There are 2 protein chains.
Amino acid sequence: MVLPRAARTQRRTRIQEEKEELILEAALDVFATHGFRGSTIDQIADVAGMSKPNLLYYFRTKEAMHRALIDRVLDSWLDPLREFDAEGNPVSEIRSYIRRKLEMARDFPRESRLFANEILQGAPHIEDELKGPLKTLVDEKAEVIRAWAKAGKIAKCDPYHLIFAIWSTTQHYADFDVQVRGVLGEGRSGEGRFEDAARFLEQLFVTGLSADGSAS
Amino acid sequence: MVLPRAARTQRRTRIQEEKEELILEAALDVFATHGFRGSTIDQIADVAGMSKPNLLYYFRTKEAMHRALIDRVLDSWLDPLREFDAEGNPVSEIRSYIRRKLEMARDFPRESRLFANEILQGAPHIEDELKGPLKTLVDEKAEVIRAWAKAGKIAKCDPYHLIFAIWSTTQHYADFDVQVRGVLGEGRSGEGRFEDAARFLEQLFVTGLSADGSAS
DNA sequence: GTAATGTTTTACCAACCGGTCAAATTATCA
DNA sequence: TGATAATTTGACCGGTTGGTAAAACATTAC
């Protein structure tokens with residue numbers, strides 16, 4: 001019978017696993033560079049090396065592909081923040097959070113751009129996740145930071161804006177890679193660039209948040 | 001005669017001025033939220049309140065509209081960096097650069113998103129500008145910062161990454177506005193949010209770059 | 001082996017897209 | 001006012017887009 005994939009109950013064949021993987025990989029490529037509306041199914045099919053109807057056999061719509069991709073990636077994307085440990089040493093926690101985020105920007109730039117595109121364009125497909133799970137997690141970690149500041153372990157500062165600053169500075173190296181490369185020139189090549197960035201950001205945040213800092 | 005606009009020599013009628021303005025305004029709206037490929041001429045025409053052929057009378061292609069928009073916006077976008085003054089007081093120069101960038105993110109979010117979309121998608125239309133005028137300007141200002149650091153007026157740090165950090169943290173409030181609002185909730189509304197951000201960022205960068213900071 | 005199920009392809013469709021054309025309409029100015 | 005140029009419109013075109021239908025083909029289970 002021709003039971004389009006969406007109607008599957010629980011069992012998935014070997015081919016399904018493989019092909020879905022292949023498709024999502026291709027979709028990540030395409031969505032990350034063109035955004036949802038700018039991407040075409042044909043393009044994705046092409047990258048995946050299969051025909052369009054074949055692709056649509058596994059994901060019935062473009063939206064379904066996008067959604068599957070978001071779902072799969074969002075979770076791992078938030079891992080670094082989850083690891084943020086209330087019991088650890090504040091400075092080294094922040095330092096290693098920065099480093100982990102920077103490593104993700106280096107190793108998973110497509111994932112970063114996927115979200116960047118989505119949010120830039122108004123987050124039409126992930127608004128719920130933003131206001132739900134993401135907000136909850138951030139609220140929780142912000143509370144940890146606030147407690148650290150209150151205890152005088154780091155400078156008093158708005159924890160939310162601290163988190164935004166870490167997000168933006170690190171993801172910048174994935175999302176705006178072309179610009180970074182354009183400005184730096186081809187001199188500072190791949191690996192060195194990330195080391196420079198890491199050194200700078202750690203200095204900025206560690207010094208910037210040293211306990212003697214003032215401001216509300 | 002039917003002289004399509006592109007063939008104009010120098011004189012432009014009042015109507016041309018008005019309509020081109022109207023179109024670019026609409027185009028900014030659309031391009032900023034959907035990126036180049038995700039935007040359609042019909043959409044822009046719709047926002048501008050005119051028919052598609054009429055719109056194409058003023059800009060012969062979608063690319064021409066995009067280009068005109070980029071050209072008009074890029075210059076003013078770099079103004080804050082140009083104002084960066086080598087003779088001024090380092091700390092207050094950096095502080096006011098941050099504030100100006102933040103004001104631009106607040107007052108011209110569409111312009112910010114226009115560039116963000118463009119760069120995120122590989123900067124296919126502005127690569128030359130990145131490697132040309134932008135790089136030149138950044139190189140120049142980086143040299144100023146390097147001199148300040150060498151003179152011990154601010155901490156030693158990589159000036160390029162400092163500039164990237166200021167760009168990313170400030171533009172974040174325009175480009176990722178949905179996320180910021182989603183995470184903060186509707187509590188901290190518009191004006192207050194930017195004040196909080198400004199306070200945090202000034203603290204971060206001023207403290208983070210205080211002359212006693214170490215690291216290469 | 002064969003029947004049932006799972007996968008892939010070919011051909012196709014309606015809507016949309018960027019863009020053209022010629023005719024109709026409106027503004028300008030002598 | 002009328003001629004001339006500038007602007008706007010509706011009808012249209014070929015290519016692309018997201019998606020479908022049905023049949024051909026492959027795989028698995030018995």
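Since the model is a prediction, treat every value here as computed from it, not as a measurement. Order of the sequence lines fixes the chain letters, A, B, ..., with proteins taken first and strands second; residue numbering starts at 1 for each chain. These numbers come from the heavy atoms of this one structure, side chains and all, not from hydrogens, waters or symmetry mates.
- Of the candidates dT20(D), dT8(D), dG18(C), dT8(D) carries the atom nearest the Lys19(B) side chain, counting heavy atoms from C-beta on.
- The salt bridge (Lys or Arg N to Asp or Glu O under 4.0 Å) contacts involving residues 94-104 of chain B comprise Glu83(B)-Arg100(B), Arg95(B)-Glu202(B), Arg99(B)-Glu195(B), Arg99(B)-Glu202(B), where partners must be two or more places apart or lie in separate chains.
- Not a single ring-ring contact (aromatic ring centres under 6.0 Å, His included) links Phe205(B) to another residue, sequence neighbours left out.
- Taking the side chain to side chain donor-acceptor pair (under 3.5 Å) definition, one finds that Glu25(B) meets it with Arg110(B), sequence neighbours left out.
- Every side chain to side chain donor-acceptor pair (under 3.5 Å) that Arg67(A) has, sequence neighbours left out, goes to Asp71(A), Glu129(A).
- In this structure, Met65(A) atom CE and dG19(D) atom C1' are separated by 13 Å, rounded to whole Å.
- Pairs passing the salt bridge (Lys or Arg N to Asp or Glu O under 4.0 Å) check and including a residue from residues 168-178 of chain B, sequence neighbours excluded, read Asp177(B)-Arg181(B), Asp177(B)-Arg193(B).
- For residues 117-146 of chain A, the ring-ring contact (aromatic ring centres under 6.0 Å, His included) pairs, not counting sequence neighbours, are Phe36(A)-His125(A), His66(A)-His125(A).
- Look at Arg72(B) and Glu21(B) and you find a salt bridge, because one of the NZ, NE, NH1 or NH2 atoms lies within 4.0 Å of a carboxylate O, short of that distance.
- Following rounding to the nearest Å, Leu22(A) (CG) and dT7(C) (P) show an atom-to-atom distance of 14 Å.
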Nucleotides 25-27 of chain C: which of its N/O atoms have a protein N/O under 3.5 Å away?
none

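- Per the geometry, NZ belonging to Lys62(B) stands 14 Å off P belonging to dT20(C), to the nearest Å.
- Each ring-ring contact (aromatic ring centres under 6.0 Å, His included) pair with one or both residues in residues 129-148 of chain B, not counting sequence neighbours, appears once here: Phe84(B)-Trp148(B).
- Non-hydrogen atoms lying under 4.0 Å from DNA chain D are contributed by Ser39(A), Thr40(A), Ile41(A), Asp42(A), all within residues 34-44 of chain A.
- Contacts of Phe176(A) classified as ring-ring contact (aromatic ring centres under 6.0 Å, His included), with partners at least two apart in sequence or in another chain: His172(A).
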Extract from the structure each pairing of a protein N or O with an N or O of nucleotides 9-15 of chain C at less than 3.5 Å, listing the distance.
residue, atom, partner, partner atom, Å
dT9(C), OP2, Ser51(A), OG, 3.3

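- Here dG18(C) presents its P atom at 16 Å from CZ of Phe59(B), a figure rounded to the nearest Å.
- Distance, Glu63(B) CD to dC17(C) P: 17 Å, rounded to whole Å.
- Val178(B) is not listed as a side-chain neighbour of Gln121(A), based on a closest heavy-atom distance of 4.5 Å or more.
- Taking atom OH of residue Tyr58(B) and atom P of nucleotide dG18(C), one finds them 20 Å apart after rounding to whole Å.
- Taking atom CG on Leu56(B) and atom C1' on dC17(C), their separation rounds to 11 Å, with Å as the unit.
- A straight line from CD of Glu18(A) to P of dT27(D) spans 11 Å, rounded to a whole angstrom.
- Distances shorter than 4.0 Å separate none of the side-chain N or O atoms of Gln16(B) from OP1 or OP2 on dA6(D).
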Please table the atom pairs, donor to acceptor, closer than 3.5 Å between any side-chain atom in residues 43-54 of chain A and protein atoms at least two apart or in another chain.
residue, atom, partner, partner atom, Å
Gln43(A), OE1, Thr40(A), N, 3.3
Gln43(A), OE1, Arg37(B), NH2, 3.1
Gln43(A), NE2, His34(A), NE2, 3.2
Ser51(A), OG, Asn54(A), N, 3.3

